[in-house]
Every structure is written in C-alpha cells, then in structure tokens.
Amino acid sequence: MIKEIIRTTTENPDYKKLVIELDKILAILDGDDHAFYNQYNHSDVIPYALLAYNELGDCVGCGALKPYNASTIELKRM
C-alpha cells in the first residue's frame, strides 16, 4: 500500500535507484531493440519526478514529468 507520494527531481537517489532497476528489466524485455529504445530513456533532461513510498518507507514507484509546453507533459520512467 502506498503511504506517501513526494515531488522531487530526477537527481533524487531513490529515483535513480528505481530507474537503474527499470533499465535492467527493459534491457531484457527489449532484447535486440534495446539500444534503439534506450536512446529515449534518459532522465538528465527531465527536471521533475514523483516517488511513491510504502508504509515501511521503501520507495516502490516513480515517474518523471517531462514538459513539452506550458500545458502539456509526458509521464516517463514508470
């Protein structure tokens, strides 16, 4: 169960840890196409992130918010 969701940046250590795990899974799922898809999966140009924590204080989910314009964002790195 999610106890808390926080707003942060993609520099947050908990965010970075989850993204490393996500990248490992995507490398397996993408197979031979991983290099192509991976070029679009960098967080260094994405300023905003959300982190979800469970009741034990473990970070169990994340998302990055990439702005396109003043009224549109793309949700990435789920």
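Note that the structure is predicted; figures quoted are calculated from it, not measured.
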Check: Just wondering, do Glu74 and Tyr68 contact through their side chains at under 4.5 Å, heavy atoms?
Finding: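 Counting from C-beta outward, Tyr68 and Glu74 do come under 4.5 Å.
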
Margin query: With clusters defined by side-chain heavy atoms of hydrophobic residues (ILVMFWY) lying less than 4.5 Å apart, directly or transitively, does Ile73 cluster with Leu50?
Written below: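 Yes, Leu50 connects to Ile73 through the hydrophobic network.
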
Could you state the interatomic distance from [atom1] ([X]) to [atom2] ([Y]), rounded to the nearest 0.5 Å?
X	Y	atom1	atom2	answer
Tyr53	Glu4	OH	CD	7.5 Å
Lys17	Cys62	NZ	SG	11.5 Å
Lys66	Leu75	NZ	CG	12.5 Å

Checklist line | Heavy-atom pair of closest approach, residues Glu11 and Lys16 | finding: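 That would be OE1-NZ, 3.1 Å.
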
Check: When Asp14 is tested against each of Asp58, Leu51, Val60 for side-chain contact (heavy atoms from CB on, under 4.5 Å), which residue passes?
Finding: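 When Asp58, Leu51, Val60 are each tested with Asp14, the side-chain contact (heavy atoms from CB on, under 4.5 Å) holds only for Leu51.
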
Margin query: Which residue in the set Thr10, Leu18, Asp23, Leu65 passes side-chain contact (heavy atoms from CB on, under 4.5 Å) when paired with Arg77?
Written below: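 Considering Thr10, Leu18, Asp23, Leu65, a side-chain contact (heavy atoms from CB on, under 4.5 Å) with Arg77 is found only for Asp23.
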
Notebook entry, point to check: Are any side-chain N or O atoms of Asn69 and backbone N or O atoms of Thr72, one a donor and one an acceptor, separated by less than 3.5 Å?
Noted result: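 Checked: pair present.
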
